[in-house]
4 protein chains.
Amino acid sequence: MKLKDESKKQAILEKTIDIVFEKGFAGVKMADLARMVGISPSTLYVYYRNKEDLIISISTELIKNVSQRSNKEVKEGLPYKLTLKAVWLYWLNFGVNHSKEMSFLQQLKQSPYYKLIPREIKDEKAKLINDLLELGKKEGLIKKVDNEVLSAVIGSIMGETVKLILAKNIKLNENDNDLMFSFVWDAIKS
Amino acid sequence: MKLKDESKKQAILEKTIDIVFEKGFAGVKMADLARMVGISPSTLYVYYRNKEDLIISISTELIKNVSQRSNKEVKEGLPYKLTLKAVWLYWLNFGVNHSKEMSFLQQLKQSPYYKLIPREIKDEKAKLINDLLELGKKEGLIKKVDNEVLSAVIGSIMGETVKLILAKNIKLNENDNDLMFSFVWDAIKS
Amino acid sequence: MKLKDESKKQAILEKTIDIVFEKGFAGVKMADLARMVGISPSTLYVYYRNKEDLIISISTELIKNVSQRSNKEVKEGLPYKLTLKAVWLYWLNFGVNHSKEMSFLQQLKQSPYYKLIPREIKDEKAKLINDLLELGKKEGLIKKVDNEVLSAVIGSIMGETVKLILAKNIKLNENDNDLMFSFVWDAIKS
Amino acid sequence: MKLKDESKKQAILEKTIDIVFEKGFAGVKMADLARMVGISPSTLYVYYRNKEDLIISISTELIKNVSQRSNKEVKEGLPYKLTLKAVWLYWLNFGVNHSKEMSFLQQLKQSPYYKLIPREIKDEKAKLINDLLELGKKEGLIKKVDNEVLSAVIGSIMGETVKLILAKNIKLNENDNDLMFSFVWDAIKS
DNA sequence: CATGAATGAGCGTTCATTCAT
DNA sequence: TATGAATGAACGCTCATTCAT
């Protein structure tokens with residue numbers, strides 16, 4: 001398998017996500033990863049300085065990707081609750097359709113690598129939801145609680161919801177969407 | 001250091017929890033653990049067949065302990081919401097006062113060891129809350145949703161809440177209790 | 001080959017010296033060394049924390065050994081020149097009969113490990129000769145030059161002399177001894 | 001960076017000497033060297049078959065350079081001791097002013113590469129001093145000892161002297177010159 | 001019961017070298 | 001001539017596990 005430049009980096013990224021999904025961060029072995037990509041272990045070190053750099057770079061790339069995409073879900077002019085719902089649904093769908101990436105990001109937060117990711121990258125990911133929550137609080141629509149608490153609650157509900165949807169192999173219909181969002185909305189609305 | 005059987009097993013359990021709290025499951029090294037307990041690495045194999053057996057046994061023991069304790073919190077004759085709140089508060093307090101055990105159980109769920117724990121043990125942990133949720137649904141007080149979904153939501157909110165309380169070093173007062181429980185109740189009530 | 005404790009450490013020491021003699025410090029490979037001693041590479045790490053620790057420990061041991069032995073060569077009551085000659089001859093003989101150890105110590109000085117050896121160990125080795133040189137200067141017998149210069153000159157002459165004796169397979173007789181010492185004495189006498 | 005053949009070879013030579021001075025022969029990494037020269041590692045293989053060839057070629061070049069230069073220091077008609085002193089001083093000055101090259105040549109002698117250098121090149125370096133020593137012996141001025149012994153003594157004293165001068169940052173004045181040379185002369189004179 | 005000694009299997013990483021362009 | 005990409009062969013080191021005592 002002779003792939004070129006960027007596509008090889010892409011392959012490394014994908015296979016790493018696969019491994020983390022199946023075996024967690026501790027299961028990422030450079031030799032295994034290389035074999036899955038179809039390259040020599042030493043070739044990995046052409047692209048990344050070491051394992052840590054590989055994980056951090058891939059994490060950063062992933063966070064940037066999903067952050068950019070979810071920003072596009074915010075349409076002007078919608079009522080607050082619907083905007084929040086749109087973002088929520090986007091993330092829920094993303095989580096269901098990109099469960100490996102979602103799993104990667106969740107496991108990342110509890111891995112020792114998380115603290116090594118540049119603050120600006122982390123902030124980028126949190127900015128959209130934080131802005132939304134601030135707006136909701138200013139309009140008196142949601143509980144006046146620390147953003148960290150609110151977004152942790154939302155995030156954890158979403159994570160578990162995605163896991164359960166996937167585990168039970170449910171297709172999301174309109175009713176399901178409403179139900180799932182009601183957990184969030186009811187939890188945080190004032 | 002001369003310890004009798006059971007107290008040595010207890011020491012192993014405690015030190016393992018300490019390590020998982022500080023470094024996660026990947027940080028549990030048989031040699032380190034033995035040193036912390038004050039015994040030889042080979043002695044660990046007198047008590048447990050191998051590392052997996054050690055982790056599984058300790059996890060099982062821990063789950064049994066906390067399950068038994070929370071059962072005692074259910075008093076007869078209280079209104080439903082208050083019973084649920086009592087259980088919630090018990091767990092919240094437990095999480096705050098036994099943060100290491102709590103952390104262990106949370107990390108366990110995402111570790112490769114979780115799937116190796118006997119189903120009956122996992123069920124035992126879930127039984128109390130499942131019974132409570134069934135009751136609530138029968139009385140029409142909470143959303144008619146799969147118990148797994150509901151308990152996952154409750155569990156995840158609690159986990160994050162405990163984390164935040166500990167991170168911010170907040171003492172729980174009556175108002176905080178009410179606020180935190182409102183997240184849960186508002187989320188699941190019908 | 002099943003050796004016990006101290007004899008195994010001794011075997012590691014000897015084989016390490018052999019390797020340094022034949023291939024220099026850069027040629028010391030943990031796996032090679034282990035094979036030569038007849039143990040597993042990981043067993044080396046039972047005795048030494050890592051390669052650096054192994055080299056430093058062995059160097060320290062060696063320096064201590066030879067320092068102690070040469071101290072015994074100083075007899076009271078001899079004229080200064082003869083005392084110096086006795087020490088010199090002791091070292092020359094030691095160098096010829098323990099050429100591997102000698103080579104080890106010389107190569108050590110130019111290896112990156114030298115700076116990691118505790119100062120007190122290095123001082124111990126230099127103390128005897130420094131004391132002798134100080135005495136010689138006080139009695140007006142040798143050049144009033146920095147001890148470091150003098151001992152470097154003596155040491156370098158000795159090192160080269162030993163090398164040449166070995167290369168040419170010369171047996172030392174009384175005349176040779178006198179000749180070799182004359183290099184040193186003539187160089188430093190005032 | 002566009003360099004012509006010879007100047008690129010010169011750059012490789014200089015940077016190699018720099019590396020050996022700073023980190024020793026074991027510290028010469030083809031990739032590092034290439035980066036310092038401003039070329040690609042593979043370009044090194046356009047100029048040299050492999051690392052060994054590179055080291056040997058550079059060593060040979062260096063030996064030739066310094067041999068040629070010191071030959072010019074021998075003026076006809078001077079008394080023997082002064083001729084020897086002139087050569088000695090030339091080398092001492094060379095060692096102090098070209099400490100990197102000097103260090104390279106000294107380290108070379110103890111590196112595994114030394115035995116791979118053609119005998120004729122080594123002889124070329126020794127020829128001048130050997131001729132001088134032969135002359136001295138014929139005139140009955142210096143000890144009738146093997147040239148190798150004598151030149152090793154002279155060389156080792158010089159090496160240490162240069163090291164000490166550099167370490168102590170001494171400027172050479174007339175007295176110092178005399179003192180240092182006295183070590184040599186006193187050692188070898190008959 | 002307890003352990004000191006030993007190890008095999010594996011991991012992350014380095015580096016001289018090759019090769020198609 | 002020059003090089004970017006790739007790699008095989010090592011190397012230092014870790015760690016769960018075994019075994020004789």
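Letters A, B, ... are given to chains in the order of the sequence lines, protein chains preceding strands, and every chain is numbered from 1. Just so you know, these numbers come straight off a predicted model, no measurement behind them.
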| task | State whether a side-chain donor-acceptor pair under 3.5 Å links Q110(B) with Q110(A). | result | yes

| field | Length of the line joining L33(A):CG and dC11(E):P, which is rounded to integer Å | value | 12 Å

| Whether over 12 other heavy atoms sit under 6.0 Å from Q10(D) CD | yes

| message | By nearest atom, which of the nucleotides dT7(E), dC15(E), dT17(E) is closest to the K29(D) side chain? | response | dC15(E)

| query | Which of these nucleotides, dC11(E), dT14(E), dG12(F), is closest to any side-chain atom of Y45(C)? | reply | dG12(F)

| said: Under 4.0 Å from OP1 or OP2 of dA6(E): is there any side-chain N or O of S42(C) that close? | reply: no

| message | If I take atom CD1 in residue I19(B) and atom P in nucleotide dA16(F), what distance separates them, rounded to the nearest angstrom? | response | 10 Å

| message | At less than 4.0 Å, is any side-chain N or O atom of Y47(D) found next to OP1 or OP2 of dA2(F)? Yes or no. | response | yes

| said: Check this one for me: any side-chain N or O of K8(B) less than 4.0 Å away from OP1 or OP2 of dC1(E)? | reply: no

| query | Looking at Y48(B), does the NZ or CZ of K9(B) lie under 6.0 angstrom from its six-membered ring centre and within 45 degrees of the ring axis? | reply | yes

| message | Of the options dT7(E), dT3(F), dT17(F), whose atoms approach the side-chain atoms of V46(C) most closely? | response | dT7(E)

| task | Measure from the side-chain N and O atoms of S103(C) to the backbone N and O of S99(C), and report whether any donor-acceptor pair falls under 3.5 Å. | result | no

| note | R35(B) atom CZ is separated from dC15(F) atom P, nearest whole Å, by 11 Å

| task | Give DNA chain F the dot-bracket treatment, 5' to 3': Watson-Crick (N1-N3 with N6-O4 or O6-N4) or G-U (N1-O2, O6-N3) under 3.5 Å, [ ] crossing, | other strand. | result | .||||||||||||||||||||

| Hey, does the side chain of Q107(D) reach the backbone of F21(D) with a donor-acceptor pair shorter than 3.5 angstrom? | no

| Considering heavy-atom distances to DNA chain F, does D32(C) or V28(B) have its closest nucleotide positioned more toward the 5' end? | D32(C)

| query | Would one find a side-chain N or O of S40(C) under 4.0 angstrom from OP1 or OP2 of dG8(E)? | reply | yes

| request: Return the value, rounded to whole Å, for the distance between atom CG of L54(D) and atom P of dC15(E). | output: 16 Å

